[in-house]
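Here the structure is laid out as structure tokens; the discussion comes afterwards.
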Amino acid sequence: MASTSTEYDDDIDFSDIEAKYAVNYDDSLENTVVVDGLPIIDNTKLDRLLTKVAKEFSKRGASIKGEDIYLPWDEKTGKSKGYAFVEFRSGEDAATAIATMHNHAFDSKHTFKLNRFVDIEHFSNLDETYIEPPSEKFTDKEHLRAWLGDAQGRDQFVTYRGEDVEVWWHGKPSQCELAIKPDWKDFLYVAWSPLGTYISTLHRQGVRLWGGASFKDQQRFAHPLVKLIDFSPCENYIVTWSNEPIIVPEGAIQGPQYFSPEDEGSNMAVWDIKSGHLLRTFSTVQDGEQTRKSQMPWPAVKWSPDDKFVARVTPGQMISVYELPAMGLYDKKSIKIEGVVDFEWCPQGDNDKEDVDKEAAAIANGGKVTKKPRENMMAYWTPEVANQPARVTLMAFPSRTILRQKNLFNVTECKLYWQNQGDFLCVKVDRHTKTKKSVYCNLEIFRVREKDYPVEVVELKDTVTEFSWEPKGDRFAIVSTNDPNLGNPGPGITIKTDVSFYQLDKTKNDFKLLKTLPSRTSNAIRWSPRGRHVVLATVGSSSKSELDFWDLDFLSEERREGQDWGTGVQLLGTADHYGVTDVEWDPSGRYLATSASAWTHTLENGYAIWDFKGTELVKHIQDRFKQFIWRPRPRSLLTKAAQKQIRKNLKEFSRVFDEEDARESVTVNAELVALRKRLVDEWNAWRTRCIKDMVESRGLKGKAHSNGDANTAKEEIEVWIEEEIETTTEEVVE
Amino acid sequence: MKPILLQGHERSLTQIKFNTDGDLLFSCSKDNIINVWYSHNGERLGTYEGHNGTVWTLDVDSESRFMVSGAADNTLMLWDVQSGKCLYVWEFPTAVKRVAFNQADNQIVCITEQRMGFQCAIRVFDIDRSGDGTNQSKEPRYMFNPIGSKATVCDFTYTPDVIFTGHESGKVALFNVKTGEEIANNERAHGDTVNDLQMSKDYTYCITSSKDKSARIHDTKSLMIIKTFTTETPLNSAALDPKRPYVLLGGGQDAMSVTTTSLRQGKFETRFWHKIFEEEVGRVKGHFGPINTIAVHPAGTGYASGGEDGFVRMHHFDESYFKTDLYGTGNIIIED
């Protein structure tokens, strides 16, 4: 029995088990290092040399023993060959030894040269003949602005819900459809670039940019644990920030697109979008715990509107301006300003941009520059220090000429608001009385396009919580409050606010109150990107969520002249979106989107789209809804004249679209009517069948309780009603 | 359409029902009483006291002479509608969950709960309409135990001796009460407990509502699903409008989780859906808790809803309700 069983065992093939449990000997030569530059010695000095070398290595942190060293011997001369093989415990130990001991001076004549054994082997076996790399075939890339070519002129928006990102087309109800649902995974949030060319996602490893009609991968920036990003206004550069300082691990990939050891410890990086190259890194961590506690302002660096400069402020000391694309400090020195708190670049208006384009074209053609474009400008403010008053300064850059300065007194805080065309600058000055007990607000408005930069002051008694310029306009809106609860938020407390509109009175050349809307709860002003329409919203409140749609030019241009000041302000509609957290106009100013994000609360998350007069078009309540962003549009390529022409002939152009609309509504209606007709027909057919069945079955059973019962009951009711009517009429007659 | 608020119950409503004429509205509740109201002004006509436990269900005959009610005190009672007297009491081992008269008013069907080792039972009693109604037989005419998932709702169909049932598993079925045999079933009619069943005027079709957030119209002969109405909240009740092509659905999340959710989120609204196009056409707000039961006036002039909040809201439709032609189907005749 036993013998048979052993025989049987012999037949079994154990090779798979042996392979599985085989001890894996580390027979690679990763841990072996060749040390060159040893002194050539004879037999007598061998032991001394080995101990000395071992000691040298151990001193620098790479501990080895004498027996780890193998010294090749030249038998003919009886001397050593001047190099040695050193075996370390692991590949990592070998790497540290190479890092520390390479080029180490052993004595005055001998310097160690360390190389990995595998490297030597690899390089000695290298093929020396040059093979030309095959040239890559040119593949057409998708147009990055493909979405602007949409035949129906629709806008896009992106939604981020749960783990899913969706890009949608938005136009007329029949034209709204899903554009694409990319399979992007594991990221914090999405963001469009300012001109809508790219969409970015923030991953653990860094930032990725996507673009083109099918949202293909365009660029990636390896900034681990990135939390915030900021694009430059012309989309040439991107700034990334992480709360963790950069660590460049040993053996990390090096190149212009990656962090190098010099960048260690920084946590903000500036990149070139087109090449993907890293331009410069900064550290935003200022020494001292105090700055870390207060929230870091973002964007931490501010771009000039033409992408030529980027500046950052070191509070209390200076503004440092860097020139692009080299990212070197402009003029090699920062602008030293004692006490500077904050600054803002002046935005470029449409006219300025045209001037810049003309100048560029003129230079390219070798022609003469007819009109020099306006120089970049920045505004900054300094607080009161000792005997010096607080001061707001307007400075041109790069010339660094001070254009205008205004002294201010009893200042607690200043906020700088540029109108988006760079025509006006409003400095919102929070002032206190001499006793510092009460706070009130002044608006210092600089008219930047006029000679000598005249400043006008609007004095207010209340605290201004929100300020907003009308885009491309000469009006602004403020939210002011004198609610004692301001500043101590609590559950269920909604701050009572007043909203006021101001407009530049062209005859007197000063800003005048148009209208005040008292006792409201609105805390957010959203101007339509085209101006004129404005939405006042109550956001972030658990009990109120109103949206008010206002038109500031309700009366037409001509009639306004004769009317009283401010009568053109008209409420178009009110709406309510429970739990609204974000309110955003689409780039065309036709639609408004409101969303309730799961990042703020978890009640009725989702989004809604309204037209400019407050009619709800779309509403989706979706669990775990996070983000809704319209895709921004770049500046129109049409010249001013062409735009004017279109406006003039609008009726003719719109006829085409009207016809299209009419045609569409007819077909849609026809389809719908047909569908409903079919449904009703099916229903009726089924009912006829049912009734026939019923009559038949009752006829068969013979003891039917006729269907008439219900009918008679119904009749009875009618009679009863009629009777009552009759009696009343009789009474009237009597 | 300003509703009349009927405040007569101290606890949540379980079922409400109009009589055939529509002038009376009966309501039963967890506070052990049954109320009857004038539907046109909401005045309370009277109360039927006698049950000693939650009154789960009631039904009125077509002459408004007798009313039956089933309760958690394991009794089924027959009442004289006019005098409010209890005429007869049947006792069972477990609670009565559902009762219904047949079209001829000479039979009632009731479902008793599956509990304490007793199986869910369906019984049919003959109602003796001669005399003062106190002379009823104690023993049921037919009795059987449906196999499988327990029955939650039932009603007679136009075929004699055949009843339509809805079950806890979401199944609907047809039973022959004489034999207890299951004639037909649809195991997947609903995904969760069927909790209401209302017949059309001629008993050829019915609407069921379920915890699975949907309501469905079934053919009572073939059990075919004719229409489905899917909402975003569990439904407790569904009713058919006899005049207009609408169905009324009511619900809200479980009574259990009501205290932890806001009124906005509760979705305690009566929803009007188009019966044929399966589209929502409107909502009526008002209740502070889930709607437990809905009944439509037999003439289609109004409806009432009873909620977990203990209120019955009686609505009379505005003129516009009958005139609006939402879908421009005015010229298409929809057979009732």
Side-chain angles (χ1 to χ4, degrees), chain A residues 542-543 545 576-579 596 601-606 620-623 669-670 672-698 700-721 724, chain B residues 18-23 39-40 62-64 102-107 156-162 199-205 217 219-222 224 226-227 232 242-243 245 261-265 267 274-279 297-301 326-329 331-336:
Chain A
S542 54
S543 50
S545 51
D576 194 281
H577 183 170
Y578 178 72
H601 59 74
T602 51
L603 298 175
E604 289 192 32
N605 299 131
H620 292 291
I621 303 284
Q622 297 171 325
D623 287 345
N669 280 341
L672 210 62
V673 165
L675 173 75
R676 289 187 174 143
K677 178 92 176 38
R678 191 170 58 79
L679 285 172
V680 170
D681 285 348
E682 279 172 10
W683 172 271
N684 287 350
W686 169 69
R687 291 298 301 144
T688 326
R689 238 178 14 247
C690 271
I691 289 160
K692 210 177 114 211
D693 270 3
M694 183 176 68
V695 169
E696 271 174 16
S697 75
R698 282 201 171 146
L700 282 175
K701 304 272 170 181
K703 53 170 180 177
H705 175 82
S706 88
N707 187 29
D709 246 14
N711 287 338
T712 45
K714 193 176 72 186
E715 271 163 32
E716 259 171 50
I717 295 160
E718 276 168 16
V719 168
W720 174 66
I721 294 165
E724 202 163 77
Chain B
F18 283 98
N19 65 343
T20 318
D21 295 341
D23 59 337
S39 66
H40 71 281
S62 60
E63 294 172 7
S64 303
N102 68 347
Q103 275 177 298
D105 295 337
N106 57 11
Q107 278 184 335
F156 286 97
T157 61
Y158 64 80
T159 321
D161 300 326
V162 174
M199 284 288 164
S200 75
K201 218 157 49 183
D202 61 2
Y203 282 58
T204 53
Y205 63 99
I217 288 181
D219 186 321
T220 52
K221 195 171 165 69
S222 64
M224 190 167 65
I226 307 296
K227 295 288 170 189
E232 70 268 42
K243 276 281 155 64
T261 39
S262 73
L263 192 60
R264 289 190 53 83
Q265 263 195 303
K267 313 188 183 349
H274 197 281
K275 187 161 78 176
I276 293 161
F277 305 144
E278 300 172 312
E279 282 174 34
H297 193 285
T301 57
L326 268 180
Y327 292 91
T329 49
N331 47 356
I332 306 174
I333 295 150
I334 296 169
E335 294 204 21
D336 176 40

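Below, chain A is the first sequence line, B the second, and so on; all start at residue 1.
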**OP:** Drop me the distance from Lys221(B)'s NZ to Arg689(A)'s CZ, to the nearest 0.5 angstrom.
**Re:** 12.5 Å

**OP:** Would you mind reporting whether Trp683(A) and Ile226(B) have side-chain heavy atoms less than 4.5 Å apart?
**Re:** yes

Original post:
Once you round to the nearest 0.5 Å, how far does CZ of Arg687(A) lie from CG of Asp219(B)?
Top reply: 8.5 Å

Subject >> Rounded distance (nearest 0.5 Å) linking atom CH2 of Trp686(A) with atom OG1 of Thr204(B) >> reply: 5.5 Å

Subject >> Asp202(B) versus Met694(A), closest heavy-atom pair with distance >> reply: O-SD, 3.5 Å

Original post:
With a 4.5 Å heavy-atom cut-off, do Asp693(A) and Tyr158(B) have their side chains touching?
Top reply: yes

**OP:** Report the C-alpha separation of Glu279(B) and Arg676(A) in whole Å, then their side-chain angles, then the decisive distance to 0.1 Å, and conclude whether the salt bridge (Lys or Arg N to Asp or Glu O under 4.0 Å) test is met.
**Re:** CA-CA 11 Å; Glu279(B) 282 174 34; Arg676(A) 289 187 174 143; 3.7 Å; yes

**OP:** Kindly check if the number of other-residue, nucleotide or ligand heavy atoms within 6.0 Å of CG (Asn106(B)) is above 12?
**Re:** yes

